[in-house]
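Proteins get letters first, then strands, A, B, ... in listed order; numbering begins at 1 in each. All heavy atoms count here, side chains included; hydrogens, waters and symmetry mates do not.
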There are 2 protein chains.
Amino acid sequence: MRRNIEFNKKVKIILVDDNFDHLLGIRELVNLEGNFEVIATATNANIAINLVKKYQPDVILMDINMPEKDGLTAISEIERLNLGTKIIALTGYDDPDLIFRAMKIGAKGYILKTMASAQLIYAIEEVMQGKIYLPSGLSSRFFEYFQKSFKEETATNTNQENLLQYLTQREEEVLELLTQGVTYKGVAQQLFISETTVKTHVNNIFQKLQVNDRTQAVLYAINNGFLNRKKLKIAI
Amino acid sequence: MRRNIEFNKKVKIILVDDNFDHLLGIRELVNLEGNFEVIATATNANIAINLVKKYQPDVILMDINMPEKDGLTAISEIERLNLGTKIIALTGYDDPDLIFRAMKIGAKGYILKTMASAQLIYAIEEVMQGKIYLPSGLSSRFFEYFQKSFKEETATNTNQENLLQYLTQREEEVLELLTQGVTYKGVAQQLFISETTVKTHVNNIFQKLQVNDRTQAVLYAINNGFLNRKKLKIAI
DNA sequence: AGGTTTCTAGATCTAAAGATCTAGATATCA
DNA sequence: TGATATCTAGATCTTTAGATCTAGAAACCT
């Protein structure tokens, strides 16, 4: 039969939307495409997650404005399954924060319900090719929000000089251990120096960073990019 | 004169590239467009920054692979001037990390030198409309990198439960003050309770978070999204 | 009404942290 | 070679921090 011959070629899709009518509409639309097949639908996120585990679809169209468990959480959980399922977020709002969060947790696409159906089909085709699809309007909003986030983040750091630059190499080593919650004794052992030497270094660090205790020193270090320079942790 | 009449309409552009020949080529190309005008060029970043201050251009085409001061730093500095100048990064490489960092610090566009000249013109037009322009190939790379960053970041957090959930309201208040480097005495004053009460809370916090001292508690709180829930700080 | 949780707070003690001063050994730089 | 910076480390003392135990008051749940 035709169905069997094409079985391996068809893109398996699961729809998730709490509005049943909307679900039917999208199913109709998607099934019109010869290469797509809606293999299951769900009206809430928990059912959806179980369906995904069972059928391992290629693509999920997920309404992220649902009661109970919201769509974003569902996306996170599905992503954690690591099945390579491409998730396209579907919503009525073009809220930049929502778009940003959806992309952050791994959505491969984001489209508005008000958009033309052709765009939905195109989005599915794109994500199936491993691409990410954002309509140009949403992509602008995403980038605006993205850049705004960073601007705010660096704004607090640039209003005054970074006192970390005055630390000597040894002091940096000591501070790094402090940011791991190590005691004087621990630092002394790890650096093969005496405990009093550590205290000397720490006191010098305090003066240079203009703080009174180790907690404040650690906080200063974290807030001023000390860990970012040392470790990997992408600081976005 | 024609030049005066159209003065307010022309888009003022500054080119920055350490390769002089390349500079001439781009200038030629851009000037062919009636609406664009290259008002200055520079072969290094420091000169470029001074030119920007002086002429306040609409758009800057910046090669980010330059010796001495690199282009990314220059972009940061120009952004800090807050003149609303749109910066388009220009480079030979489509390194995702480079793209990501350029966008992060505020570039409004990113194009490869190997790309067609029409794309450069289009990019200028787009950014002048307040949009961000990334050729689709680069935009894919950007998103891949973007999502990978977050996946790695959350990977360390999701491997075990978040002990912060077991804290009572009062304990959260105390912990919040600890993450600001406040002493027992300070916490007591701010919460209008006795110092011994604070100690009791802090000891309970230590047990719940399975740590031994305040520095470790603060580090646990920071690494497990305590501040993110409380304050603004977009944690990307 | 009785159990549970939470917030409060005292007493007591030990361990760590921090402040301050002095000082020797190297290394670096002018 | 003499000044400077860095790393080292001792002595001494005060102040926080942290551990442990007990216990009352209020709120909440069943």
Side-chain angles (χ1 to χ4, degrees), chain A residues 161-227 229-231, chain B residues 161-227 229-231:
Chain A
E161 68 174 333
N162 193 338
L163 298 174
L164 290 171
Q165 66 183 305
Y166 301 120
L167 297 184
T168 68
Q169 199 179 338
R170 201 54 160 174
E171 285 162 357
E172 284 190 357
E173 294 176 57
V174 173
L175 180 55
E176 189 174 358
L177 291 173
L178 290 191
T179 62
Q180 293 166 21
V182 183
T183 62
Y184 281 137
K185 199 179 290 180
V187 175
Q189 284 173 358
Q190 289 197 44
L191 297 184
F192 303 107
I193 53 179
S194 88
E195 203 175 325
T196 51
T197 303
V198 178
K199 287 193 177 188
T200 308
H201 286 313
V202 170
N203 265 292
N204 290 333
I205 291 171
F206 289 168
Q207 285 182 18
K208 287 185 179 177
L209 301 187
Q210 296 166 19
V211 297
N212 301 311
D213 55 61
R214 58 176 58 209
T215 309
Q216 289 175 4
V218 168
L219 290 170
Y220 187 94
I222 290 171
N223 291 327
N224 292 82
F226 182 72
L227 294 178
R229 291 187 314 204
K230 293 281 173 188
K231 289 188 181 181
Chain B
E161 66 174 333
N162 193 338
L163 298 174
L164 290 171
Q165 64 182 306
Y166 301 120
L167 297 183
T168 68
Q169 199 179 339
R170 201 55 158 172
E171 284 162 357
E172 283 191 358
E173 293 177 57
V174 173
L175 180 55
E176 190 173 359
L177 291 173
L178 290 191
T179 62
Q180 292 165 22
V182 183
T183 63
Y184 282 137
K185 199 179 290 181
V187 175
Q189 283 173 0
Q190 290 198 44
L191 297 185
F192 303 107
I193 53 180
S194 89
E195 203 175 325
T196 51
T197 304
V198 178
K199 288 193 176 187
T200 307
H201 286 313
V202 170
N203 266 292
N204 291 333
I205 292 171
F206 289 169
Q207 284 182 16
K208 287 184 180 178
L209 301 187
Q210 296 168 18
V211 296
N212 301 310
D213 55 61
R214 59 176 58 209
T215 309
Q216 290 175 4
V218 168
L219 289 170
Y220 186 95
I222 291 172
N223 289 328
N224 293 83
F226 181 72
L227 295 177
R229 290 187 313 207
K230 293 281 172 186
K231 290 188 179 179

Could you check how far CD1 of A/I205 sits from C1' of C/dA19, rounded to whole Å?
15 Å
Could you pull out all residues at least two apart from B/Q189 that satisfy side-chain contact (heavy atoms from CB on, under 4.5 Å)?
B/K185
Across all chains, not counting sequence neighbours, the side chain to side chain donor-acceptor pair (under 3.5 Å) partners of A/T197 are A/S194
Mind calculating the distance between CD (B/E172) and C1' (C/dT6) to the nearest angstrom?
14 Å
Tell me whether the side-chain N/O atoms of A/H201 come closer than 4.0 Å to OP1 or OP2 in D/dC7.
no
Taken in chain and number order and not counting sequence neighbours, the residues that satisfy side chain to side chain donor-acceptor pair (under 3.5 Å) with A/E171 are A/T168, A/K208
Distance test, side-chain N/O of A/T168 to OP1/OP2 of D/dC7, below 4.0 Å
yes
Roughly, in whole Å, what's the span from CZ in A/R170 to P in C/dT26?
16 Å
Side-chain donor-acceptor pairs of residues 199-206 of chain A under 3.5 Å, sequence neighbours excluded:
from	atom 1	to	atom 2	distance (Å)
A/T200	OG1	A/T196	O	2.9
A/N203	ND2	A/K199	O	3.1
A/N204	ND2	A/T200	O	3.3

Using a 4.0 Å heavy-atom cut-off, write out nucleotides 9-27 of chain D from 5' to 3' as B (base contacted by protein), S (sugar-phosphate only) or - (no contact).
BB-----SBBBB-------
Atom-to-atom span, CG of B/N204 to C1' of C/dT6 - whole angstrom:
10 Å
What is the distance, rounded to the nearest whole Å, between atom CD of A/Q169 and atom C1' of C/dT28?
15 Å
Listed partners of B/Q207 passing side-chain contact (heavy atoms from CB on, under 4.5 Å), at least two apart:
none
Rounded to the nearest 0.5 Å, the CG atom of B/D213 sits from the OG1 atom of A/T183 at a distance of 8.0 Å
